[in-house]
Amino acid sequence: QVQLVESGGGLVQAGGSLRLSCTASGRDFSSYDMGWFRQAPGKERESVATVNWRGVGTIHADSVKGRFTVSRDYARNTMYLQMNNLKPEDTAVYYCKAKPGLMSGRTVDYWGQGTQVTVSS
């Protein structure tokens, strides 16, 4: 079964760091674009960052620019989100998404179950 599993969330104090991982199984995702989304209570889901099939990372959320970095390890079929200098407004459930890339020959998107990140003030 094709599956994405997030890990690395938890409770941290403001100014701390976390590293989220999204590990895929059941398929080689090297030809997929991958991304991180988050949803805070009472707010709509937003795109945080993406890393395309070539490994080019892009930060989409202005509020995390300069603090978050996105990367992927093709050999481990894993995407990472390094979160530094965390702020209370970063508190959210973070979701991993894999989207077939231009050359993948696939059409189905996959989502992980989410991992909770809570930043205390």
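All values below come from the heavy atoms of this structure, side chains included, with hydrogens, waters and symmetry mates left out.
- In this structure the side chain of Val51 reaches within 4.5 angstrom of the side chain of Met79, judged on heavy atoms.
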Review item, side-chain donor-acceptor pairs of residues 21-28, under 3.5 Å, at least two apart:
{"unit_1": "Thr23", "atom_1": "OG1", "unit_2": "Thr78", "atom_2": "OG1", "d": "3.2"}
{"unit_1": "Arg27", "atom_1": "NH1", "unit_2": "Tyr32", "atom_2": "OH", "d": "3.1"}
{"unit_1": "Arg27", "atom_1": "NH1", "unit_2": "Tyr110", "atom_2": "OH", "d": "3.1"}
{"unit_1": "Asp28", "atom_1": "OD1", "unit_2": "Ser30", "atom_2": "N", "d": "3.0"}
{"unit_1": "Asp28", "atom_1": "OD1", "unit_2": "Ser30", "atom_2": "OG", "d": "3.1"}
{"unit_1": "Asp28", "atom_1": "OD2", "unit_2": "Ser30", "atom_2": "OG", "d": "3.2"}

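- Taking OG of Ser31 as the reference point, atom CH2 of Trp53 lies at 8.5 Å (rounded to 0.5 Å).
- Thr91 and Glu89 form no side-chain donor-acceptor contact under 3.5 Å, judged by distance and modelled atom types alone.
- Residues passing the side chain to side chain donor-acceptor pair (under 3.5 Å) test with Thr50 are His60, sequence neighbours excluded.
- Annotation: cation-pi geometry not satisfied between Arg38 and Tyr95 (NZ/CZ under 6.0 angstrom from ring centroid, within 45° of ring axis).
- Leu11 and Val119 end up in different hydrophobic clusters when Ile, Leu, Val, Met, Phe, Trp and Tyr side chains are linked at under 4.5 Å.
- The two residues Ser121 and Pro88 make their nearest non-hydrogen contact at CB-CG, 4.0 Å.
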Are Ser71 and Gln82 close enough, and set up right, to give a side chain to side chain contact (heavy atoms under 4.5 Å, CB included), and what steps lead you there? CA-CA 8 Å; Ser71 62; Gln82 179 66 48; over 6 Å; no
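- Among all heavy-atom pairs drawn from Asp109 and Pro100, the shortest one is OD1-CD, 3.2 Å.
- In plain terms, the two heavy atoms of Ala92 and Gln116 that are nearest each other are O-NE2, 3.4 Å.
- Other residues, nucleotides and ligands contribute at most 12 non-hydrogen atoms within 6.0 Å of the CZ atom of Arg76.
- Taking the centre of each ring, Trp111 and Phe37 come in below the 6.0 Å mark.
- Under a hydrophobic-cluster definition in which Ile, Leu, Val, Met, Phe, Trp and Tyr are linked whenever side-chain heavy atoms come within less than 4.5 Å, directly or via other members, Val117 and Tyr80 are assigned to different clusters.
- Sorted by first and then second residue, the salt bridge (Lys or Arg N to Asp or Glu O under 4.0 Å) pairs with a member in residues 51-68 read Asp62-Lys65, Arg67-Asp90; sequence neighbours excluded.
- Leu20 has its side chain within reach of Thr115: a pair of non-hydrogen atoms, C-beta onward, lies under 4.5 Å apart.
- For Tyr94 (side chain) and Leu81 (main-chain N/O), no donor-acceptor pair under 3.5 Å exists by modelled atom type.
- Linking Ile, Leu, Val, Met, Phe, Trp and Tyr whenever their side-chain heavy atoms come within less than 4.5 Å puts Phe68 and Val12 in one cluster.
- Here the CD atom belonging to Glu46 is positioned 14.5 Å from the CH2 atom belonging to Trp36, to the nearest 0.5 angstrom.
- When only modelled atom types and interatomic distance are considered, Gln113 and Glu6 share a side-chain donor-acceptor pair under 3.5 Å.
- A heavy-atom distance below 4.5 Å is found between the side chains of Ile59 and Val64.
- Once rounded to the nearest 0.5 Å, the distance linking CZ of Arg19 with CG of Asn84 reads 11.0 Å.
- Between the side chain of Asn52 and the backbone N or O of Met34 there is no donor-acceptor pair closer than 3.5 Å.
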